[in-house]
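Working notes, structure below.
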Amino acid sequence: MSQRPIGVVGAGTMGQGIAQVLAASGFTVRLYDVAEAALGRAREAIVAGLGKRVAKDKMREDERDAALARLDTTTSLADLADAEVIIEAAPEQPELKERLFHELSRLSDDAILASNTSSLSLTRLAAVSERPERVVGMHFFNPVPVLALVEVIRAEQTSDATVARIEALAEALGKTAVRVGDSPGFAVNRLLVPMINEAAFLVQEGAATPEAIDQAMQLGAAHPMGPLRLADLIGLDVCLSIMEVLQDGFGDPKYRPCPLLRRMVDAGYLGRKAGRGFHDYS
């Protein structure tokens, strides 16, 4: 990778985690969001995240300070024009992401545009870009500083060079890149989220409580976290969105979102970020 900055679009949970890992790995980072308040919260979260690494002796104080010095924030997309790679981590809204990719592709002739989408078609995103061969999926997992996997998703238009450069970037971040095809939900979410959806059906039917389901999967399937606590961590709105993408993409009724999951999202019970989901975090 060159010494040019890496852009990150979106200062939510995923964007701030990606920015933290990039800065801690020696990259200059420009974190973009439309809202100054979101950027302020993101910087606070990154300061806290790096502080935890210092407290655990995984980073020295001078390394933390150097990482923070490499992090800039901006509310102008134009400030990403000199970035070598731009990683999009905006909300999972197809129209928003397509608009962003069209705008980002006009900023630079050679920047790679990588989407952190958890389920949307990279081929569609590439199609709205002026340089579709430079569009690729780079799907991190939450919490980004902890989990080692990055799914690298190749659109129909993606070049070999683009895939190779993103795999090199993932390696430089201490992550393991796994190539998967551009299919709804990719690999992990196509397996994981339907399991969460089925757990929601168990709760809806009164077959088991969320506590019982989580305990059973931890003790019986050796999962480090039960599926409904994991759903709360991911965000129930995100889980619902992925199920809708799977249902639309495959047209198979087995991907029908659980009505209870949909009602909880409508009620604002989105999981840990809302203080309440399948479990209470108040």
(message) Could you work out, with salt bridge (charged side-chain N to carboxylate O under 4.0 Å, His left out) as the rule, every residue matching Asp62, not counting sequence neighbours?
(response) Arg60

(message) Is the shortest side-chain heavy-atom distance between Leu122 and Ser115 below 4.5 Å?
(response) yes

(message) Could you measure the distance from the CG atom of Asp248 to the OG atom of Ser121? Nearest 0.5 Å is fine.
(response) 12.5 Å

(request) Please round to the nearest 0.5 Å and tell me the distance separating atom CZ of Arg165 and atom OG1 of Thr162. (result) 7.0 Å

(request) For residues Lys273 and Asp237, determine if any side-chain heavy atom of one lies less than 4.5 Å from a side-chain heavy atom of the other. (result) yes

(message) Give me the atom names and distance for the closest heavy-atom approach of Phe201 to Pro259.
(response) CE2-CD, 3.7 Å

(message) Are the side chains of Asp182 and Glu156 in contact, using a 4.5 Å heavy-atom criterion?
(response) no

(message) Is there a side-chain contact between Thr158 and Val163 in this structure, where contact means two heavy atoms from C-beta onward sitting under 4.5 Å apart?
(response) yes

(request) Applying side chain to side chain donor-acceptor pair (under 3.5 Å), name anything that partners Lys175, two or more places apart in sequence or on another chain. (result) none

(request) With the side chain counted from C-beta on, respond yes when Val9 and Leu100 share a heavy-atom pair under 4.5 Å apart, and no when they do not. (result) yes

Identify each donor-acceptor pair in which a side-chain atom of residues 210-220 lies under 3.5 Å from a protein atom, sequence neighbours left out, and give them as a table.
from	atom 1	to	atom 2	distance (Å)
Asp214	OD1	Leu228	N	2.8
Asp214	OD2	Arg229	N	3.2
Asp214	OD2	His279	NE2	2.6
Gln218	NE2	Pro224	O	3.2

(request) Say whether, by atom type as modelled, one donor and one acceptor occur between the side chain of Glu88 and the main chain of Ala90 under 3.5 angstrom. (result) yes

(message) Evaluate Phe101 against Val135 for side chain to side chain contact (heavy atoms under 4.5 Å, CB included), listing each step before the verdict.
(response) CA-CA 9 Å; Phe101 268 71; Val135 173; 3.8 Å; yes

(request) Run the salt-bridge test on Arg4 and Asp110 with the 4.0 Å N-O cut-off and return the result as yes or no. (result) yes

(message) Salt bridge check, Arg70 against Asp65: does any charged N sit closer than 4.0 Å to a carboxylate O?
(response) no

(request) Output the distance between atom CZ (Arg53) and atom CD (Glu63), rounded to the nearest 0.5 Å. (result) 9.0 Å

Show me the donor-acceptor pairs, under 3.5 Å and distance only, between side chains in residues 260-270 and residues at least two apart or in other chains.
from	atom 1	to	atom 2	distance (Å)
Arg262	NH1	Glu244	OE2	2.8
Tyr269	OH	Arg276	NH1	3.2

(message) Testing the basics here: between Ser183 and Phe250, what is the closest heavy-atom pair and its distance to 0.1 Å?
(response) OG-CZ, 3.5 Å

(request) Report the distance from atom CG of Leu80 to atom CG of Asp72, rounding to the nearest 0.5 Å. (result) 11.0 Å

(request) Could you please spell out the steps behind the side chain to side chain donor-acceptor pair (under 3.5 Å) verdict for Ser241 and Glu92? (result) CA-CA 7 Å; Ser241 175; Glu92 288 287 276; 5.3 Å; no

(request) Walk me through it: do Glu95 and Arg99 pass the test salt bridge (Lys or Arg N to Asp or Glu O under 4.0 Å)? (result) CA-CA 6 Å; Glu95 296 81 6; Arg99 177 176 57 79; over 6 Å; no

(request) Not counting sequence neighbours, list each pair that qualifies as a salt bridge (Lys or Arg N to Asp or Glu O under 4.0 Å) and has a residue in residues 126-150. (result) Arg106-Glu130, Asp109-Arg131

Pair up each side-chain donor or acceptor in residues 187-198 with any protein partner under 3.5 Å, not counting sequence neighbours, and list the distances.
from	atom 1	to	atom 2	distance (Å)
Asn189	ND2	Ser118	O	3.0
Asn197	OD1	Cys258	N	2.8
Asn197	ND2	Arg256	O	2.9

(message) Are the side chains of Leu236 and Val238 in contact, using a 4.5 Å heavy-atom criterion?
(response) no

(message) Once side chain to side chain contact (heavy atoms under 4.5 Å, CB included) is applied, do any residues pair with Asp79, and if so which ones, sequence neighbours excluded?
(response) Thr74, Ser76

(request) Over all heavy atoms of both residues, which pair between Pro184 and Leu246 is shortest? Give the atoms and the distance, please. (result) O-CD2, 3.3 Å

(request) Treat each ILVMFWY residue as a node, draw an edge where side-chain heavy atoms are under 4.5 Å apart, and state whether Met59 and Phe27 are in one component. (result) yes

Exercise answer: donor-acceptor pairs, residues 136-145 side-chain atoms, under 3.5 Å, sequence neighbours excluded:
from	atom 1	to	atom 2	distance (Å)
His139	ND1	Glu151	OE1	2.9

(request) Would you sort out whether Glu167 and Arg179 count as a salt bridge (Lys or Arg N to Asp or Glu O under 4.0 Å), showing the intermediate values? (result) CA-CA 9 Å; Glu167 289 178 334; Arg179 293 190 191 187; 2.5 Å; yes

(request) Determine the minimum heavy-atom distance between Gln157 and Ala127, stating which atoms define it. (result) NE2-N, 3.6 Å

(request) Would you sort out whether Lys97 and Thr117 count as a side chain to side chain contact (heavy atoms under 4.5 Å, CB included), showing the intermediate values? (result) CA-CA 9 Å; Lys97 288 183 184 286; Thr117 179; 4.2 Å; yes

(request) Apply side chain to side chain contact (heavy atoms under 4.5 Å, CB included) to the pair His102 and Leu125, showing each step before the final yes or no. (result) CA-CA 8 Å; His102 178 68; Leu125 292 179; over 6 Å; no

(message) Membership question, hydrophobic clusters at under 4.5 Å side-chain separation (ILVMFWY): are Val128 and Leu77 in the same one?
(response) yes

(request) For Ile242 and Ser119, work out which heavy atoms get closest and say how close. (result) CG1-OG, 3.9 Å

Contacts under 3.5 angstrom, residues 34-51 side chains, donor-acceptor by atom type, not counting sequence neighbours:
from	atom 1	to	atom 2	distance (Å)
Arg43	NH2	Leu71	O	2.8

Could you tabulate the donor-acceptor pairs under 3.5 Å formed by side-chain atoms of residues 15-26, not counting sequence neighbours?
from	atom 1	to	atom 2	distance (Å)
Gln16	NE2	Ala11	O	3.3
Gln16	NE2	Gly12	O	3.3
Ser25	OG	Val21	O	2.8

(request) Could you tell me whether Glu61 atom CD has more than 12 heavy atoms of other residues or ligands within 6.0 Å of it? (result) no

(request) Find out whether Glu84 and Ile112 are in side-chain contact, i.e. whether some heavy atom of one side chain is under 4.5 Å from a heavy atom of the other. (result) no

(message) Are Leu96 and Leu120 linked, directly or through intermediate hydrophobic residues, by side-chain heavy-atom contacts shorter than 4.5 Å (ILVMFWY only)?
(response) no

(request) Please report the shortest heavy-atom distance between Ile166 and Ala114, naming the atom on each side. (result) CD1-CB, 4.2 Å

(message) Working to the nearest 0.5 angstrom, can you tell me the gap between Lys52 NZ and Lys56 NZ?
(response) 7.0 Å

(request) Could you note down all residue pairs passing salt bridge (Lys or Arg N to Asp or Glu O under 4.0 Å) where residues 17-26 supplies at least one of them, sequence neighbours left out? (result) none

(request) Measure the CG-CG distance between Asp82 and Leu107 for me, rounded to the nearest 0.5 Å. (result) 10.0 Å

(request) Just jot down the side chain to side chain donor-acceptor pair (under 3.5 Å) partners of Thr13, sequence neighbours excluded, or say none. (result) none

(message) Let me check something: do Leu113 and Val29 share a hydrophobic cluster, defined by ILVMFWY side-chain heavy atoms less than 4.5 Å apart, either directly or through other members?
(response) no

(message) Please check: side-chain N/O of Ser108 versus main-chain N/O of Ala111, any donor-acceptor pairing under 3.5 Å?
(response) yes

(request) Check whether Leu202 and Met225 end up in the same hydrophobic cluster, where Ile, Leu, Val, Met, Phe, Trp and Tyr are linked by side-chain heavy atoms less than 4.5 Å apart. (result) no

(request) Could you tell me whether the side chain of Asp232 and the main chain of Arg272 form a donor-acceptor pair under 3.5 Å? (result) no

